[in-house]
Number of protein chains: 2
Amino acid sequence: MNKGMTAKGRATRHRIIVAAAMLTREKGAAETTLDDVRAATATSKSQLFHYFPEGRADILAAVAEYEAGQVLEAQQPYLGDLSTWESWQGWRQAVLDHYTELGQKCPLGSLTAELGKSSPQARSIVTSLYDEWEAALVRGVKAVTSDEEEAVRRRARSILAAVQGGVVMLQGTGRTDYLDAALTAAISPLQPVTAGTA
Amino acid sequence: MNKGMTAKGRATRHRIIVAAAMLTREKGAAETTLDDVRAATATSKSQLFHYFPEGRADILAAVAEYEAGQVLEAQQPYLGDLSTWESWQGWRQAVLDHYTELGQKCPLGSLTAELGKSSPQARSIVTSLYDEWEAALVRGVKAVTSDEEEAVRRRARSILAAVQGGVVMLQGTGRTDYLDAALTAAISPLQPVTAGTA
DNA sequence: CCAGAGGTGGACCGAAGGGTCCAAAAAGGT
DNA sequence: ACCTTTTTGGACCCTTCGGTCCACCTCTGG
């Protein structure tokens, strides 16, 4: 894909993606126009179509891919090693902090809303993000419990859904209470039985 | 608001809302144009603006309000009386069935995405929906546990977030596994200690 | 130094879609 | 029957925005 593209070209392309990602977070995908991107990157229309032949949809897809990566990155290094209850707590806090900071701006929410329909590639980006995320959680759950495969998988999914739900509600209300409560409740069964809460 | 409006007028207005709601569910708010609504309701542009002076935004707001009501209605009669573990299970199944049936079509998702930004009224619709929903869950949790106020509230929020998360992931992947797992895990602490799972 | 590639600028186009307007047709009241 | 109010039809305007086109830079390598 980077064939026939100089360092300068790649830089421009990357600059477009990053700027478009920022705009998308700020105003949502629907309100982000090509002119906005153009203005934000000091580029011209022709460049946008030069680097993204399919136009707008192409850019948005690239942004989605970029953002999907950021989502997982924000959870590191915790997500990579959830082998102890302490690291789970660290992860929980990292997630909480990250989304608290983001606030209303949701990286993927508006993207999927805009691209999701009739765009199989967008769908696959989200799906593989979830898969990767779930896999990491599965490894972590497996490390701190002795449940069988299926139970572990279900637990991981419930944790993942808790994050998603908390984030969605944060988007809609601006309150972090839900994410906090959901996350805490979701991982609490992983807590070693020392001073456990029912 | 219904001042100076005949029965016929109210009927037309209502017809517009219902049709717009359906279109919104099918194609998302962003892709629903006034012409679509016009065609689906056999009305004219002037009527749209007659009944919704603010235009498109006005219609979308009305749809959001309408859909918010539908969300809670779909959970009845269970949501109204969550006083036993059995009714909690019934509710869980009702939610699962409802969203499985809806599948990809999310009533409020695209609405909030489109209206959420800079529309305080849309925000308040979502907020009060969540509040009402949470209140019902709080009553239910309180009925089956002996936890103190704050713990009850947190539990209710975690359950609510679990539903939201499961639904979001259903939207994105088409799979109900997440909602199932999240819902099960979220209410499992409410289960009476007879054959409890850790 | 001179091709020829990649990179850039910006004018231009056409469709889509939200919103306005006016006038005609029903409904309602007296 | 007659006047008023509501309801309806649809032509029209105008902005926005994605997308096209072509001419002009600016590198790089031989």
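All values below come from the heavy atoms of this structure, side chains included, with hydrogens, waters and symmetry mates left out.
Side-chain contact, B:Q191 with B:S188: no donor N or O sits under 3.5 Å from an acceptor N or O. B:Y78 and B:Q93 form no side-chain donor-acceptor contact under 3.5 Å, judged by distance and modelled atom types alone. Side-chain contact check for A:T33 and A:D36: at least one donor-acceptor pair (N or O, by modelled atom type) lies under 3.5 Å. A donor atom on one side chain and an acceptor atom on the other are found under 3.5 Å apart for A:T184 and A:D180.
In this structure, B:I16 atom CD1 and D:dT7 atom P are separated by 11 Å, rounded to whole Å. Rounded to whole Å, atom P of D:dT16 lies 12 Å from atom CG of A:D36. Rounded to whole angstrom, the span from the CZ atom of B:F49 across to the C1' atom of D:dC13 amounts to 13 Å. With rounding to whole Å, A:R56 atom CZ is found 5 Å from D:dG18 atom P. Here the P atom of nucleotide C:dG19 and the CZ atom of B:R38 are 15 Å apart, to the nearest Å. One can place CD of A:Q47 at 16 Å from P of D:dT20, the figure rounded to the nearest angstrom. As rounded to whole Å, 11 Å separates atom P of C:dT8 from atom CG of A:L48. Rounded to an integer number of Å, the gap from CD of B:E31 to P of D:dG18 is 12 Å.
Taking the six-membered ring where tryptophan is involved, the planes of B:Y66 and B:H14 are perpendicular, since the angle between them exceeds 60° and thus also 30°.
Residue-level contact check: A:F52 touches neither bases nor backbone, having no heavy atom under 4.0 Å from any strand.
Between the side chain of B:K45 and the base of D:dG9, no donor-acceptor pair of N or O atoms lies under 3.5 Å. No N or O donor and acceptor, one from the side chain of B:T33 and one from the base of C:dG17, sit under 3.5 Å apart. The base of D:dG9 sits within donor-acceptor range of the side chain of B:S46, with an N or O pair under 3.5 Å.
Distances shown here put a side-chain N or O of B:T6 below 4.0 Å from the OP1 or OP2 atom of D:dT7. A sub-4.0 Å separation between OP1 or OP2 of D:dT8 and a side-chain N or O of B:Y51 is present.
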